[in-house]
Amino acid sequence: MFTKVLVANRGEIAVRVMRALDELGIASVAVYSEADRDALHVRRAAEAHLLGPGPAPKSYLAVDRLMQAIERSGAEAVHPGYGFLAENAAFARRLEEAGIAFIGPPAAAIEAMGSKTRARELMQAAGVPIVPGTTAPVETLEDARAAAEEIGYPVAVKAAGGGGGKGFRVAAEPSKLKDAFEGAAREGEKFFSDPTVYLERYLPDPRHVEVQVLADAHGGVIHLGERDCSIQRRHQKLIEEAPAPLVDDALRERIGRIATDAARAVDYRGAGTIEGLLAEGEYFFLEMNTRVQVEHCVTEATTGIDIVREQIRIAAGEPLSVAQADVALRGHAIECRINAEDAAGNFAPAPGTITRYEEPAGPGVRVDSGVRGGSEIPPLYDPMVAKLIVWDVDRESATRRMARALDEFEIEGVRTLLPFHRAIMASEQWARGETCRDLIEDRDWLARLAVPGARDAPPSPEERAEPVERTYTVEVSGKRFDVRVVGDTPAAPLNGTGPAAAARPAPRRERRGTTRGGGGDALASPLQGNVFKVLVEQGATVEEGALICIVEAMKMENEITAHKAGVIAELPISEGTAVSAGDTIAVITSPA
Ligand code: MV4
């Protein structure tokens, strides 16, 4: 077994990996950026090395700096977590060459699954069912037209270098194919330097069902059952559960076999996930994630197997600690991703400083997080604050337990998805096991999640330390009440609730235009980012919901649509403009 392992990541997953290392008696080495000097994962490690400035290309993605940290620390292995370098075959290969163990699959398996067209080819050859469509890249629009005719509309156009929904477009009919083809190719080029796309039959309202696999270096390949991750927003998973509501024992055995066949076909080693779509009882391979995933914890809860520990053992050459026949699934687990995002404001990232942080606890509750009170959620990285995972005997009990734990969770200083998750857990749609797409796409439903009176725009840096929400305790005739005060910090401290309560007068803020509510003419950007494309001109007449521009933020394309019908009277943006949340994108005057 290793004696020292470097964790090439940050946040909750870095902490999660270090916990596994501690339990195995292995020393952990942290790496960090200048933005993460005070981060929890840095304090948690026995030893920590600075990589460079905050932006990931200069720190968490800087392979040369990482190699130096590995050498200086004497680590024998590297755990990449998820994101950053986790699925970078060149990094895995470089470690191999340096004689450092990569706690992940062989570089060749990463590569095979990294190209989605290659993966589809390999899977088809291995007898793994793929979504009907092309396996060879589709080079031109003409080729796409021919392929789409054969597949039948609607078709999904996907970037070959893609995954997780990046470079994914749908064409409902032939007239929409050009936009879908060009959009997917453009995103493929931008994110993966590869404009190649392929086509699939578009399956209406499928479930996202994925299977966890583990493979050791001795030919052992097992699966740990499935997870349902259908509750997503712009391809970002928000809630995951195990087992999947629509999978029975027979289907589980079938998709488990599909998953282990897929892993064997690429000589897989380590922990991996076969992602697929379940539509009308049929299961189709989508892609393989060659890493530990965010949502691995729900599988740990239903199987009792520590997936990260298995990863480390496998990389050290040890055999799997369980055989397939010994994998027993018990009860039901749910995970909610508690992101610093504003669900009522288009799920815009809401970075800032956490002024108060109280985690839930009690039976069946697990919190994986990389923060504590006073931590900063920097705007540079993924805005996940914590993962809340609960386990109980069945889905209904687990739902009640999740609702209880969400109520116990207190986070102040940044907006989070806590109100969103509370509302989903209380919904009939969730109770019925639906994908909740109708709720997630319902602006009015989302708008009602807004903390009443809270600000429209994210706080400016000098306002950041203020809480959005604060609880005070008062006694009225000897009876105790907790009063939740929402909005700006009051001018005078009410009681001793920490240094943040020693407030200065709340700064006056101009109420800025907003995309929700109101009948104003100004269309405000719901988020901070760069204008990537403008689709209208000044003077144009637009319908409500018409695409005005695309704002790129956190590497995602966000479509900004007209909040009302009318004429574009002002258009103060152009391609390349940097916008902040609340900035005016366009002024749309009503037709006379
Ligand atoms: C699809 C699809 C329908 N047909 N592919 C790909 C990335 C992942 N985030 C969702 N993806 C989809 N791929 C074909 N051929 C529909 C989705 C999809 C989806 C699937 C299951 C549950 C929720 C979803 C939300 C958006 C898109």
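Atoms considered below: every heavy atom in the structure, side chains included; atoms not considered: hydrogens, waters and symmetry mates. All of these numbers come straight from a predicted model, not from anything done at the bench. Just follow the structure's listing: the first ligand is 1, and inside any ligand the first atom is 1.
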V131: numbered ligand 1 atoms lying under 4.0 Å from its heavy atoms: 15 (N)
Note: R252-D249 ion pair, threshold 4.0 Å (strictly below): yes
Sub-4.0 Å atoms of ligand 1 with respect to non-hydrogen atoms of H235: 7 (C), 8 (C), 9 (N), 10 (C), 26 (C), 27 (C)
Atom 18 (C) of ligand 1 [closest protein heavy-atom partner, distance rounded to 0.1 Å]: F168 CE2, 4.3 Å
Shortest protein heavy-atom distance from atom 4 (N) of ligand 1, along with the residue and atom involved: L203 N, 2.9 Å
Taking atom 6 (C) of ligand 1 as the reference point, the nearest protein heavy atom with its distance: K158 NZ, 4.0 Å
Atom 19 (C) of ligand 1 - nearest protein heavy atom and its distance: R437 NH2, 4.1 Å
Salt bridge present between E428 and R432 (N-O < 4.0 angstrom): yes
Salt-bridge criterion met for K237 and E335 (N-O under 4.0 Å): no
Proximal ligand 1 atoms for R201, defined as those under 4.0 Å from one of its heavy atoms: 4 (N), 14 (C), 15 (N)
Where ligand 1 meets G165 - atom numbers and elements under 4.0 angstrom, heavy-atom basis: 7 (C)
Side chain, backbone, both or neither: the part of E200 lying under 4.0 Å from ligand 1 by heavy atom: side chain
Close approach, T435 and ligand 1, non-hydrogen under 4.0 angstrom: no
Candidate with minimal heavy-atom separation from atom 9 (N) of ligand 1, of Q232, E275, E287: Q232
Which of the ligand 1 atoms, numbered from 1, are nearer than 4.0 Å to a heavy atom of S230: 22 (C), 23 (C)
Interatomic distance, K116 atom NZ to F192 atom CZ [nearest 0.5 angstrom]: 8.0 Å
Ring centroid separation Y202 to Y153 under 6.0 Å: no
Greater than 12 external heavy atoms within 6.0 Å of E280's CD: no
Validation row: E187, R169 side chains within 4.5 angstrom (heavy atoms): yes
CZ (R257) with more than 12 external heavy atoms under 6.0 Å: no
